[in-house]
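See below for the structure under consideration.
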Protein chains: 2
Amino acid sequence: MFLHAQGELALGSRLKAVSESLYAAANAAYREAGHDIDAHWFPVLRYLQVRGPASVTEIAAAIGQTHPAVSQLAAKLRAQGWITRRTDRSDARRGVLELSAEAERKLDRLGPVWCAIRRAAAAAAVRDGGTLLDALGAFEADIASGRLAADIRAHHARLKDATIEIAPYRRDWAVHFERLNAEWLQRWFTLEEVDRAVLGDPQAHVIDPGGAILFATLDGEVIGTCALLKEAPGVYELSKMAVESGFRGFGAGRKLLEAAIAEFQRRRGRTLFLESSKRLGPALQLYESGGFVHHPAPRPGSHYQRADVYMVYEPEKAKRLRAKAAPRKQLRVVGR
Amino acid sequence: MFLHAQGELALGSRLKAVSESLYAAANAAYREAGHDIDAHWFPVLRYLQVRGPASVTEIAAAIGQTHPAVSQLAAKLRAQGWITRRTDRSDARRGVLELSAEAERKLDRLGPVWCAIRRAAAAAAVRDGGTLLDALGAFEADIASGRLAADIRAHHARLKDATIEIAPYRRDWAVHFERLNAEWLQRWFTLEEVDRAVLGDPQAHVIDPGGAILFATLDGEVIGTCALLKEAPGVYELSKMAVESGFRGFGAGRKLLEAAIAEFQRRRGRTLFLESSKRLGPALQLYESGGFVHHPAPRPGSHYQRADVYMVYEPEKAKRLRAKAAPRKQLRVVGR
DNA sequence: GGCAGTAACGTAAGCACTTACGTAACGGCC
DNA sequence: GGCCGTTACGTAAGTGCTTACGTTACTGCC
């Protein structure tokens, strides 16, 4: 090929072409999976998803584009109902862009597609060779031959048909424990000292004192986690429940909760409680449907600043709920 | 950075950004060196330079863009006098785009800038790591820190102040001998069987039979070559003279010619001749000014189909020319 | 409080492409 | 020679960004 012979001089041209091919491949994957989303929206939407509401300039700086680019895209997304805009209370110049509830729901379903794209692209990009040029050449070849698109399809099919499994603590998954929890903590609150300690060394702060950590996986991908902290003999705290954005709504949270309760019972615990926040609506719903009841008073001596919800597990309530919803249909990984 | 945390999912976005940074860096280098050329034109102009006149669709296919892209750029370049367009004699649909004489001259001067960009980009792109993502990260860092731009400037300064040197044959430079000659042969003629043999194994076809190969270098970069073939005892043929497009007009051809004649004299040769073609105007001028005279009849038993010019070296003429142009001023690598 | 400098961000226009489409010429086949 | 599918390529319109610019709001300093 002529451009290849030009070496680094044609790098700009080739990078642009690869970039466009990648957008095309991602869009094809979205369409095939039935999502009406454009790959160009990813940086903005993803930023809003993991960081929460943000201003135009904040997003622009984070994704490395100019503010008009974000502004124009925001206008389009607003017209299509993906995001809403209100002016910042404390600074009337600034706008606050926020995902609509529907957009949030849509994005929470994109995990499998994203994961498929990520895996396929990673496989195509891993070729050794050292220089960017070699890596690029290999990548171009994979795109041109259709291997990338086929890989995305294959990975997506696997992920779609895979079921969420619960796995016990593994030392090499400590990073996932940290990553998954840091995401929602940073979005909704700030990392408190306790958090930093526990996330930084879960072995020392959870496992060794007699607690447990569980992971939810989908086709080998760690997509969720939760911890059972031992407060006192027979007293456990359910904590650090997190499911990766993009993989929510597939039942991982419920499976983690059930597995945690089972673990609590296996250890013959007497008391299981949790602390949470009113802001985390869906999580509270999950806890309620899992057998937890709201405790009227805040927990004395809570570890967390953010805690304004205190719930306790009631086996009797759990039994009643199970009986009522007895023939609960199996949750599939990808809806319907 | 946010996009980095998104891994392969943000690859498209990042590649595009890097691509644009590269264009910007190249444009800055062009401006600094005083060339009024846009980096986006490179694929088209370079194609026309190394391959000669071509149609819109041919170029589009070669550079991996759509034909309207080339068509539109061609219109712009035509308006600015870079290229001319005539309709193909044998197919009235097809147009033949060709560099104007002035454009050809301008492009012939771009070698040092191109080389500087190539070297700087190669240095930034070589980081180990294996995956495209790592290589890209390193490249982005170099762009952001301004290291790439500084490197380009530094390399260009070196190349600008370097002088062209003549070096004897080296086995590891055989590839350059092939590359440099293949370029003009493919552009103006086609590779004949003799060419393929000589270029493929210069050691066996030139050096071993008692000939010589010379290289012109600029700051370590091989930018030109020529060969002295031993026809018979005392009879030598000057052949395979080639200077890389982009480095023409800097005097490399003259230096090669002079060095070849010196080598011929060092070997106490009696006859030095060459075969060429009327189509290669500038080369013929060079030969004439170097002391060669046109021989009226074609050489009996020529090796080449393309040869319609037969010149013989006359020491007397060379002496006269030297006397006339005695205080010839030193040629600088980059004009004024 | 007034005022200059700056930040947020919308709008306009431009750019380097793309897709979509139309037109004219070619080439093979009857 | 007539016709039909294909090819070359120009034009129009769209896209995802950019730069340039203007308006409004904030901030710090006197």
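Computed from a predicted model, the values in this text were never measured in an experiment. Every chain is numbered from 1, with letters handed out A, B, ... down the list of sequences.
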Show the numbers, then the answer: is there a side chain to side chain contact (heavy atoms under 4.5 Å, CB included) between A:Glu98 and A:Arg85? CA-CA 6 Å; A:Glu98 186 169 10; A:Arg85 193 217 137 109; over 6 Å; no

Contacted region of DNA chain D by chain A, from 5' end to 3' end of the hits, cut-off under 4.0 Å to heavy atoms, spans D:dG16 to D:dC26

Polar contact flag, side-chain donor to acceptor under 3.5 angstrom, A:Gln6-B:Arg46: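 B:Arg46 and A:Gln6 do have a side-chain donor-acceptor pair below 3.5 Å.
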
Close residues, residues 36-57 of chain B, relative to DNA chain C [heavy-atom separation under 4.0 Å]: B:Asp38, B:His40

Rounded interatomic separation in angstrom, taking CD1 from B:Ile63 and P from C:dA16: 13 Å

Can you find a donor-acceptor N/O pair under 3.5 angstrom joining the side chain of A:Arg93 to the base of C:dA7?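 Such a pair is found, so the answer is yes.
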
Sorted by number, the residues of residues 20-31 of chain A with heavy-atom contact under 4.0 Å to DNA chain D: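 Under 4.0 Å from DNA chain D: no residue of residues 20-31 of chain A.
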
Using a strict heavy-atom distance below 4.0 Å, which residues from residues 65-81 of chain A are in contact with DNA chain D?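 Hits under 4.0 Å, by residue number: A:Gln65, A:Thr66, A:Pro68, A:Ala69, A:Gln72, A:Lys76.
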
Can you name the residues that form a side chain to side chain contact (heavy atoms under 4.5 Å, CB included) with [X], not counting sequence neighbours?
X: A:Leu22; answer: A:Val18, A:Phe139, A:Leu148, B:Leu11, B:Leu15
X: A:Ala116; answer: A:Ile152, A:His155, A:His156, A:Leu159
X: B:Arg93; answer: B:Asp91
X: B:Glu104; answer: B:Leu99, B:Asp108, B:Arg187

State whether B:Arg89 places a side-chain N or O below 4.0 Å from either non-bridging phosphate oxygen (OP1 or OP2) of C:dA25.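 No, because none of the side-chain N or O atoms of B:Arg89 sits under 4.0 Å from OP1 or OP2 of C:dA25.
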
Who pairs with A:Phe2 by ring-ring contact (aromatic ring centres under 6.0 Å, His included), at least two apart in sequence or on another chain? B:Tyr47

If a pair satisfies side chain to side chain donor-acceptor pair (under 3.5 Å) and one of its residues is in residues 17-34 of chain B, list it, with sequence neighbours excluded.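 Residue pairs passing side chain to side chain donor-acceptor pair (under 3.5 Å), neighbours aside: B:Tyr30-B:Trp114, B:Glu32-B:Arg153.
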
Among pairs that include at least one residue of residues 61-84 of chain A, which meet side chain to side chain donor-acceptor pair (under 3.5 Å), considering only residues two or more places apart or in two chains? none

With side chain to side chain contact (heavy atoms under 4.5 Å, CB included) as the criterion, how do A:Ser277 and A:Phe189 come out once you've worked through the C-alpha distance, each side chain's angles and the decisive distance to 0.1 Å? CA-CA 10 Å; A:Ser277 161; A:Phe189 313 98; 3.6 Å; yes

Regarding B:Glu183 and B:Arg51, does a basic nitrogen lie under 4.0 Å from an acidic carboxylate oxygen? no

Quick test of your reading of the model: are A:Glu58 and A:Arg94 salt-bridged, counting only N-O distances below 4.0 Å?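 No, this pair does not count.
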
Ranking B:Lys16 and A:Ala92 by the position along DNA chain D of their nearest nucleotide, the one closer to 5' is B:Lys16

Nearest-nucleotide 5' precedence on DNA chain C, B:Ser90 against A:Gly95: A:Gly95

Taking only residues two or more places apart in sequence, or in another chain, which ones meet A:Arg158 in a side-chain hydrogen bond (donor to acceptor under 3.5 Å, both in side chains)? A:Asp219

